[in-house]
Participant: 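This is the structure I have questions about; it appears just below.
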Amino acid sequence: MAQQFEDRFQRKFYYLRLSVTDVCNFKCTYCLPDGYQPSGQKNSSFLTLPEIQRVVRAFADCGTSKVRITGGEPTLRKDFNDIIACVANTAGIEKVATTTNGYRMAKQVQGWQSAGLTHINVSVDSLDPRMFHQITGENKFTQVMAGIDRAFEVGYQQVKVNVVLLKDLNHQQLPAFLDWIKHRPIQLRFIELMQTGEMDSLFERHHISGVAIRNQLIANGWVLKTRAHNDGPAQVFVHADYQGEIGLIMPYEKNFCHSCNRLRVSAKGKLHLCLFGEQGVELRDLLAQDNQQQALIERIQAQLQTKSVSHFLQDGNTGMTPNLASIGG
Ligand code: SAM
Ligand code: SF4
């Protein structure tokens with residue numbers, strides 16, 4: 001590898017979060033409460049397979065070893081298995097992950113595995129089916145649970161489960177989540193609710209810090225694990241009596257951005273240096289043909305020199321991100 005993506009703060013970028021669609025079939029209250037609304041813009045199609053191949057190759061040539069395929073709901077893409085295979089077959093890519101709402105995982109996960117998917121994150125905001133329905137707008141709890149079981153049956157050693165921490169909804173359900181992971185190799189990750197541009201008073205009503213959960217874990221003998229260089233932003237805790245692990249993603253915590261190792265490309269081909277705070281930089285004009293790889297790398301490298309040391313979320317600055325489905329959370 002001749003080149004390495006690195007910013008002015010000596011942060012190296014090993015991890016690409018690639019959105020492949022903005023479309024979603026769920027209506028999570030904190031993300032798309034009214035469901036997916038098409039933008040109505042002309043020429044607004046999502047990245048094609050050859051475009052995905054070129055963008056992933058550019059990142060892999062510059063040190064990226066992990067790609068997360070996200071959205072919207074990435075599994076709604078009819079060519080989802082081809083996307084997985086295309087990413088998995090790119091030289092230098094060791095981990096191919098996806099984040100999904102899991103609604104058809106039970107039927108599809110074997111195909112994802114055969115295509116080369118190495119890691120799965122599924123969102124499950126509550127283990128109470130009624131609350132799951134209330135938060136996601138979909139009565140699909142049973143299907144999602146069946147999908148997790150099926151993932152283990154086809155041979156995944158671990159499944160990660162994302163839970164957005166919501167005050168007065170799921171924040172007191174830690175005991176139920178702990179019971180669930182006691183004998184299951186699940187890494188359950190509590191994500192603090194992040195404020196986005198379209199969010200109304202929901203943030204004030206439901207945001208709660210992960211500190212209380214961290215304190216409870218430490219008080220009960222959970223121990224912090226060390227991070228690998230291409231790991232995501234979670235602080236991961238382990239316990240000798242539990243097969244599962246607990247992760248905490250706390251973007252409002254001081255120094256959250258210091259270990260940033262990830263970049264994002266949106267479903268319409270824009271580079272985002274951060275989940276928050278900028279409109280994105282067009283890459284699509286350089287993705288149409290194979291002969292522009294070096295120009296693509298140079299554009300990404302030039303933009304990286306403008307990456308800020310931190311987001312400004314704690315100041316209430318949510319930047320240009322209307323919701324996380326539009327950029328790939
Ligand atoms: N549709 C897939 C899913 O829900 O897993 C993938 C896309 S979704 C945008 C990725 C992750 O972002 C999910 O775990 C979701 O719960 C989380 N998310 C969405 N909006 C969020 C917000 N405002 N704050 C924190 N997490 C959020
Ligand atoms: Fe869809 Fe995921 Fe957003 Fe929920 S969090 S609305 S499943 S994109």
Side-chain angles (χ1 to χ4, degrees), residues 17-37 46 68-77 80 83 97-105 108 112 117 119-126 131-141 143-144 147-148 151 159-167 169-171 186-210 232-234 247-253 256 262 264-267 272 275-276 311 313 316 318-319 321-329:
R17 300 179 71 115
L18 175 69
S19 179
V20 294
T21 182
D22 294 350
V23 181
C24 189
N25 54 342
F26 276 29
K27 299 184 187 71
C28 299
T29 46
Y30 48 75
C31 184
L32 297 174
D34 302 320
Y36 169 70
Q37 313 285 331
F46 302 122
R68 176 171 303 282
I69 306 167
T70 180
E73 178 47 40
T75 67
L76 289 175
R77 284 270 308 231
F80 185 58
I83 294 174
T98 194
T99 306
T100 174
N101 61 29
Y103 85 111
R104 288 186 66 196
M105 195 160 103
Q108 297 177 335
W112 305 347
L117 191 76
H119 292 76
I120 301 179
N121 285 45
V122 196
S123 299
V124 183
D125 289 327
S126 176
M131 190 179 288
F132 179 95
H133 188 172
Q134 182 186 350
I135 296 173
T136 63
E138 289 292 326
N139 192 10
K140 295 269 187 325
F141 177 77
Q143 288 90 321
V144 176
I148 295 174
V159 172
K160 291 183 179 168
V161 169
N162 290 357
V163 182
V164 177
L165 197 54
L166 298 163
K167 183 168 71 182
L169 286 168
N170 61 17
H171 90 278
I186 287 178
Q187 187 187 98
L188 189 112
R189 305 136 59 83
F190 290 106
I191 308 174
E192 273 184 20
L193 179 65
M194 292 175 248
Q195 189 163 24
T196 52
E198 283 174 357
M199 202 177 273
D200 56 13
S201 60
L202 186 115
F203 186 79
E204 281 75 50
R205 281 182 282 130
H206 292 300
H207 177 263
I208 182 165
S209 154
L248 289 173
I249 300 178
M250 298 167 55
Y252 291 89
E253 188 156 75
F256 177 79
R262 53 207 168 273
R264 292 180 159 78
V265 172
S266 75
H272 290 265
L275 192 47
F276 294 96
H311 61 56
L313 271 183
T318 61
T321 312
N323 53 61
L324 296 200
S326 67
I327 181 177

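In each ligand, atom 1 is the first atom listed, and ligand 1 is the first ligand listed. On a predicted model such as this, the values are computed, not experimentally measured, just so you know.
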Participant: Have Thr75 and Glu73 got a donor and an acceptor in their side chains that come within less than 3.5 Å?
Facilitator: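 Present: a donor and an acceptor within the cut-off.
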Participant: With respect to Asn121, which candidate in Lys160, Gln187, Arg68 satisfies the side chain to side chain donor-acceptor pair (under 3.5 Å) definition?
Facilitator: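 So the option named by the test is Arg68.
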Participant: Looking at Thr136, Asn162, Asn25, Asp125, which one forms a side chain to side chain donor-acceptor pair (under 3.5 Å) with Asn101?
Facilitator: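 Single pass found, and it is Asn25.
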Participant: Is it the side chain, the backbone, both or neither of Thr100 that has a heavy atom closer than 4.0 Å to ligand 1?
Facilitator: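 Contact part for Thr100 vs ligand 1: backbone (N, CA, C, O).
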Participant: Heavy atoms, side chains only, cut-off 4.5 Å: are Phe80 and Ile69 in contact?
Facilitator: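 Yes - at least one pair of side-chain heavy atoms lies under 4.5 Å apart.
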Participant: Could you tell me whether the side chain of Thr29 reaches within less than 4.5 Å of the side chain of His206, counting heavy atoms only?
Facilitator: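 No, their side chains stay 4.5 Å or more apart.
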Participant: Which atoms of ligand 2 sit under 4.0 Å from any heavy atom of Gly72?
Facilitator: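 What qualifies from ligand 2 is 8 (S).
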Participant: Does an N or O anywhere in Thr196 fall below 3.5 Å from an N or O of ligand 1?
Facilitator: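 It does not: no N or O of Thr196 is found under 3.5 Å from an N or O of ligand 1.
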Participant: Hey, does Tyr103 have a side-chain heavy atom less than 4.5 Å from the side chain of Leu76?
Facilitator: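 They are in contact (side-chain heavy atoms under 4.5 Å apart), so the answer is yes.
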Participant: Has the side chain of Asn170 got a donor or acceptor atom that lies under 3.5 Å from a matching backbone atom of Val164?
Facilitator: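 Yes: the side chain of Asn170 pairs with the backbone of Val164.
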Participant: Is there a heavy atom in Glu192 that sits closer than 4.0 Å to ligand 1?
Facilitator: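 The answer is yes, since Glu192 has a heavy atom less than 4.0 Å from ligand 1.
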Participant: Considering only heavy atoms of Asn101, which atoms of ligand 2 have at least one such atom less than 4.0 Å away?
Facilitator: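 Result: 7 (S).
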Participant: Could you tell me which atoms of ligand 1, counted from 1 in the order shown, lie closer than 4.0 angstrom to a heavy atom of Asn101?
Facilitator: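 Under 4.0 Å from Asn101, ligand 1 has these atoms: 2 (C), 3 (C), 5 (O).
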Participant: Roughly how far, to the nearest 0.5 Å, is CZ of Phe26 from NZ of Lys140?
Facilitator: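 Between Lys140 NZ and Phe26 CZ, I get 6.0 Å after rounding to 0.5 Å.
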Participant: Do any nitrogen or oxygen atoms of Asp125 come within less than 3.5 Å of a nitrogen or oxygen of ligand 1?
Facilitator: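 No - when backbone and side-chain N and O of Asp125 are compared with those of ligand 1, no distance drops under 3.5 Å.
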Participant: Is Met199 close to ligand 1, meaning an N/O of one under 3.5 Å from an N/O of the other?
Facilitator: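 N/O-N/O distance under 3.5 Å: no.
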Participant: Distance under 4.0 Å to a non-hydrogen atom of Cys28: what atoms of ligand 2 satisfy this?
Facilitator: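 Counting from 1, the qualifying ligand atoms are 4 (Fe), 5 (S), 6 (S), 7 (S).
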Participant: So is Thr70 polar-close to ligand 1, meaning N/O to N/O under 3.5 Å?
Facilitator: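 Between Thr70 and ligand 1 (N or O atoms, distance only) the closest approach is not under 3.5 Å.
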Participant: Just jot down the ligand 1 atoms closer than 4.0 angstrom to any heavy atom of Val164, in number order.
Facilitator: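 Contacts of ligand 1 toward Val164, numbered from 1: 16 (O), 26 (N), 27 (C).
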Participant: Within a distance under 4.0 Å of any heavy atom of Asn162, pick out the atoms of ligand 1 and give their elements.
Facilitator: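 Selected atoms, number and element: 14 (O).
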Participant: Which atoms from ligand 1 have a heavy atom of Glu73 less than 4.0 Å away?
Facilitator: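 Listed by number with element, the hits are 1 (N), 2 (C).
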Participant: Within a strict 4.5 Å, meaning less than it, do heavy atoms of the Pro251 and Glu192 side chains meet?
Facilitator: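 Of all side-chain heavy-atom pairs linking Glu192 with Pro251, at least one is under 4.5 Å.
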Participant: Going from CE on Met194 to CZ on Phe203, what distance comes out if it is rounded to the nearest 0.5 angstrom?
Facilitator: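 Rounded to the nearest 0.5 Å, the CE-CZ separation comes to 10.0 Å.
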Participant: Which bit of Cys24 gets closer than 4.0 Å to ligand 2, counting heavy atoms only: side chain, backbone, both or neither?
Facilitator: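 Side chain only.
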Participant: Okay, side chain of Arg77, backbone of Val20: is any donor-acceptor separation there less than 3.5 Å?
Facilitator: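 Yes.
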Participant: Do the side chains of Glu204 and Gln195 get nearer than 4.5 Å, heavy atoms only?
Facilitator: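 Yes. Closest side-chain heavy atoms under 4.5 Å.
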Participant: Touching ligand 1 at all, Gly72? Heavy atoms, strictly under 4.0 Å?
Facilitator: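 The answer is yes, since Gly72 has a heavy atom less than 4.0 Å from ligand 1.
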Participant: Got an N, O or S from Cys31 under 2.8 Å of atom 3 (Fe) of ligand 2?
Facilitator: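 True for Cys31.
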Participant: Which atoms of ligand 1 have any heavy atom of Gly71 under 4.0 Å away?
Facilitator: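 Listed by number with element: 7 (C), 9 (C).
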Participant: Give a yes/no verdict on whether any heavy atom in Gly71 is under 4.0 Å from an atom of ligand 2.
Facilitator: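 Under 4.0 Å: no for Gly71.
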Participant: For Thr99, counting its heavy atoms only, list the atoms of ligand 1 lying under 4.0 Å from any of them.
Facilitator: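 Result: 2 (C), 5 (O), 6 (C), 10 (C).
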